[in-house]
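Keep in mind that what you see is a predicted model, and the values were worked out from it rather than measured.
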Amino acid sequence: MIFMSLLAAPAKAEAGPAPDLLLKSPGMIITVTLILLPLMVAIWYTGIKVSRLISRIQFRRIRNETDDLISAAGTDPDFYHLLLERKASLDFKLSDEELGSNVSPADRKGLLHNVAEVDSPRFLAAKRKASVPHDLDKSLVRAILWFLGSATAWLVLGTSVGEYLGIKFVAPDADHVSWLSFGRLRPVHTNMVFWGWSSLAMLGLGYYVVPRVSNTVIFSIRLAYWSLILVNSAVLCGSLTLMAGINNGGGEYREYIWPVMALFALGILLTLYNYYRTIGSRKTTEIYISNWYIVAAMMFVTVIALVGYLPQWQNGLGETIVQGYYMHQAVGMWFMLFNLGLIYYFLPQQLNTPIYSYSLGILAFWAQILFYTLIGTHHFLFSSIPWWLQTVAIVGSVGMLIPVFAGTTNFLMTMKGNFHKISRSYTLPFYLVGVIFYFTGSMQGTAEAFRETNLAWHFTDFTTAHSHITMYGIIAFMLWAFIYTLVPRLTGKEPGQHWVGAHFWLALVGLLFYTVPLMIGGTLRGIAWQSGKPFIDSVVLMAPYWLWRAIGGSLMWLSHLVFCWNMYTMTLRRSENEIRKEVMDALGNNHMISNPV
């Protein structure tokens with residue numbers, strides 16, 4: 001049929017057929033077809049011969065193995081019996097009546113779990129439980145839990161204020177009360193989460209890590225409680241004075257008046273002395289790198305508070321330079337340095353893997369001290385501050401690539417070979433997100449320090465997004481990772497895995513909804529300013545991005561409520577084991593009453 005159809009094709013006589021027409025001609029098609037037909041038959045026949053050859057080779061191999069097996073069975077009776085048992089195992093088939101017994105089921109060894117569980121959703125993957133509770137001094141455990149509980153309370157209160165501020169961007173006329181005005185509430189929000197949530201959580205975790213890596217006990221529990229009272233008093237008094245309109249002026253993150261900040265500094269000094277005496281009585285030869293970071297952070301925050309509040313530096317350009325120093329050192333040399341010290345203990349401990357490189361940790365430590373202390377002035381580029389000082393800040397910002405690359409490499413290489421554990425852990429996702437944001441947020445800070453990018457991004461919502469990526473994406477996620485790692489080992493109570501998952505995803509998605517639109521809108525706003533457009537046009541431009549800010553902030557705030565519930569579950573709520581023990585004790589007592597000896 002193919003041959004006849006080709007013959008029926010119309011033929012066109014051409015004096016000089018083109019090559020493409022020649023290939024399409026009926027004669028060429030017939031020729032190619034006649035060549036391919038026997039070739040295909042030959043390939044098919046060759047395939048059959050090769051298949052038969054392979055079958056013969058396999059049959060010969062199996063026959064030789066069988067002969068060897070029969071020979072071995074004939075000379076070794078024990079081997080012959082094992083061979084019969086193996087054959088019986090291979091021949092075994094289920095009768096489909098195995099579950100038809102009249103015997104009641106029993107699990108005397110306690111091997112089966114969750115057989116009849118219907119209360120919890122079974123589509124959630126089970127996570128690995130925390131290790132058994134540590135045998136730790138009960139007074140120290142109570143002190144640590146007081147620090148973490150206070151920090152959680154300030155987190156919920158501070159971000160509730162931030163949630164209200166985010167709503168005001170969408171509905172600016174929500175109220176007309178002076179105490180609730182944006183100018184008063186904004187520093188309440190930032191200082192409450194800075195000095196209340198982050199600082200108290202770090203201090204509480206430090207009271208566990210410092211004696212742990214020193215292989216000794218804490219120097220003084222009483223000093224720990226005094227520190228707790230002083231820092232909480234500072235945050236409470238500072239929040240009330242700020243809402244009343246009593247503040248330190250235009251210094252960002254140092255709006256507290258000096259008596260309030262003096263309470264905070266005194267609490268830090270007491271904790272520094274406590275840590276120092278604990279490390280001094282250590283039972284180990286070397287000082288582990290976590291204590292390097294933690295003690296250095298305590299020393300730097302003391303210097304930061306003094307520089308930021310001594311009156312002789314609070315006039316003219318000197319006040320602006322001090323503000324840049326204070327603002328940036330608080331983030332990098334207090335929060336970041338302390339959290340890096342904590343992660344150098346908790347991450348290897350959680351992975352059951354040693355830190356990848358101790359040397360990289362030391363390099364990152366000294367490089368951060370060298371470069372981070374120089375970069376505060378990059379917030380005031382193109383100002384009346386000396387040009388050379390602005391350039392030094394830019395160079396220091398670029399130098400921060402060294403500690404950031406060293407630290408990120410150290411953490412990711414420590415996690416190498418352990419990424420499969422993330423799906424089985426409810427703490428490791430927090431660690432991973434914190435490390436990722438540590439790299440991206442720090443790189444973003446370096447990018448913002450250049451004069452060209454500063455022209456577009458400074459004074460826009462881009463800087464707001466950057467501050468949340470660092471203080472929330474890095475500091476908050478790391479603190480949550482440490483808390484979820486430590487508290488179950490102090491109390492023996494674990495949070496609900498689905499609640500931890502809800503906390504993680506609400507916080508992460510909320511942060512992305514918050515920061516990405518602000519970065520886009522801030523960039524467009526800076527370009528509009530550079531183009532000479534009226535300021536009000538940039539305000540109208542930001543309206544949809546501020547809506548996303550409110551949505552993302554709401555999700556973040558909801559995640560904090562979930563975290564607060566998880567803290568309650570891990571500390572105050574009675575666990576299932578405690579309830580079972582009470583029930584069994586009650587049954588035992590009733591049995592003793594009804595059956596007296």
Side-chain angles (χ1 to χ4, degrees), residues 136-151 154 194-238 254 256 258-310 326 329-330 332-342 344-345 365 368-369 373 479 482 486:
L136 208 62
D137 183 8
K138 299 300 180 183
S139 58
L140 178 60
V141 171
R142 284 193 295 271
I144 294 173
L145 293 180
W146 269 108
F147 272 95
L148 298 181
S150 302
W154 290 122
F194 268 42
W195 314 121
W197 149 242
S198 300
S199 298
L200 281 172
M202 293 188 310
L203 293 176
L205 293 165
Y207 273 107
Y208 174 82
V209 173
V210 170
R212 194 78 179 174
V213 299
S214 301
N215 196 23
T216 186
V217 296
I218 197 69
F219 172 70
S220 172
I221 300 294
R222 180 176 295 180
L223 285 179
Y225 279 108
W226 275 111
S227 301
L228 175 69
I229 293 171
L230 287 169
V231 175
N232 274 304
S233 300
V235 179
L236 177 61
C237 295
R254 57 173 180 152
Y256 286 170
W258 73 263
V260 172
M261 203 61 185
L263 292 176
F264 179 83
L266 183 57
I268 293 296
L269 284 174
L270 291 180
T271 302
L272 173 59
Y273 178 74
N274 214 355
Y275 288 172
Y276 178 78
R277 291 297 298 270
T278 302
I279 297 171
S281 62
R282 68 189 184 278
K283 303 294 177 52
T284 57
T285 303
E286 293 186 356
I287 300 177
Y288 183 62
I289 191 171
S290 291
N291 282 346
W292 284 49
Y293 278 89
I294 290 172
V295 172
M298 301 291 292
M299 296 168 65
F300 269 102
V301 74
T302 306
V303 174
I304 292 164
L306 288 174
V307 171
Y309 281 86
L310 286 177
Y326 174 91
Q329 302 316 296
M333 303 307 291
W334 169 231
F335 298 111
M336 193 70 71
L337 207 62
F338 203 115
N339 271 270
L340 290 174
L342 294 175
Y344 269 105
Y345 170 79
F365 175 80
Q368 180 148 341
I369 290 178
T373 51
L479 289 176
F482 307 149
L486 177 61

Let's go through Ser199 and Trp334 carefully: what are the C-alpha distance in whole Å and the side-chain angles of both, what is the deciding distance for side chain to side chain donor-acceptor pair (under 3.5 Å) to 0.1 Å, and is it a yes or a no? CA-CA 9 Å; Ser199 298; Trp334 169 231; 3.1 Å; yes
Heavy atoms only: give me the nearest Thr216-Arg282 pair and the separation to one decimal. CG2-CA, 4.1 Å
Name all residues meeting the side chain to side chain donor-acceptor pair (under 3.5 Å) criterion together with Asn215; count only those two or more places apart in sequence or in a different chain, and write none if there are none. none
Is any side-chain heavy atom of Met333 less than 4.5 Å from a side-chain heavy atom of Ile369? yes
Hey, does Arg212 have a side-chain heavy atom less than 4.5 Å from the side chain of Leu136? yes
Test side-chain contact (heavy atoms from CB on, under 4.5 Å), reference Thr271, set Tyr207, Trp226, Tyr276, output is Tyr207
Please say whether more than 12 non-hydrogen atoms of neighbouring residues, nucleotides or ligands are located less than 6.0 Å from OH in Tyr225. yes
Is the gap between the ring centers of Phe194 and Phe335 under 6.0 Å? yes
CG on Leu340 to CZ on Phe365, rounded to 0.5 Å: 10.5 Å
Leu205 side, atom CG; Phe482 side, atom CZ - distance, nearest 0.5 Å: 7.5 Å
Can you classify the ring geometry of Phe338 versus Tyr275 as parallel (below 30°), tilted (30 to 60°) or perpendicular (above 60°)? tilted
Spatial distance of atom CG (Asn291) from atom CD (Glu286) [nearest 0.5 Å]: 12.0 Å
Does a side-chain heavy-atom distance below 4.5 Å link Trp154 with Asn232? yes
Using the side chain to side chain donor-acceptor pair (under 3.5 Å) rule, take Ser214 and Thr278 through it: C-alpha gap first, then chi angles, then the decisive distance, then the call. CA-CA 8 Å; Ser214 301; Thr278 302; over 6 Å; no
Provide the closest heavy-atom pair for Leu200 versus Ala151 in the form atom of the first, atom of the second, distance. CB-CB, 3.9 Å
Once rounded to the nearest 0.5 Å, what's the spacing between atom CD1 of Ile218 and atom CG of Asp137? 10.5 Å
Here the pair of heavy atoms bringing Tyr288 nearest to Val213 is CD2-CG1, 3.8 Å
Would you name the heavy atoms of Ala296 and Leu337 that are closest together and state the gap between them? CB-CD2, 3.8 Å
Verdict with supporting geometry, Val231 and Phe147, side-chain contact (heavy atoms from CB on, under 4.5 Å): CA-CA 10 Å; Val231 175; Phe147 272 95; 5.9 Å; no
Check Asn339 against Met202 and note the closest heavy-atom contact, atom names and distance. ND2-SD, 3.0 Å
Is a side-chain donor or acceptor of Arg254 paired with a backbone partner of Gly308 at a separation under 3.5 angstrom? yes
Distance, nearest 0.5 Å, that separates CD1 of Ile268 from CE of Met261: 8.5 Å
Which pair of heavy atoms, one from Leu479 and one from Ala201, lies closest together, and at what distance? CD1-CB, 4.0 Å
Quick one: do Tyr256 and Val235 satisfy side-chain contact (heavy atoms from CB on, under 4.5 Å)? Show the steps, please. CA-CA 9 Å; Tyr256 286 170; Val235 179; 4.0 Å; yes
Partner residues of Ala330 under the side chain to side chain contact (heavy atoms under 4.5 Å, CB included) criterion, sequence neighbours left out: Trp195
Excluding sequence neighbours, so at least two apart, what forms ring-ring contact (aromatic ring centres under 6.0 Å, His included) with Tyr273? Phe219
Which distance, rounded to the nearest 0.5 Å, do you find between the OG of Ser150 and the CG of Leu228? 4.5 Å
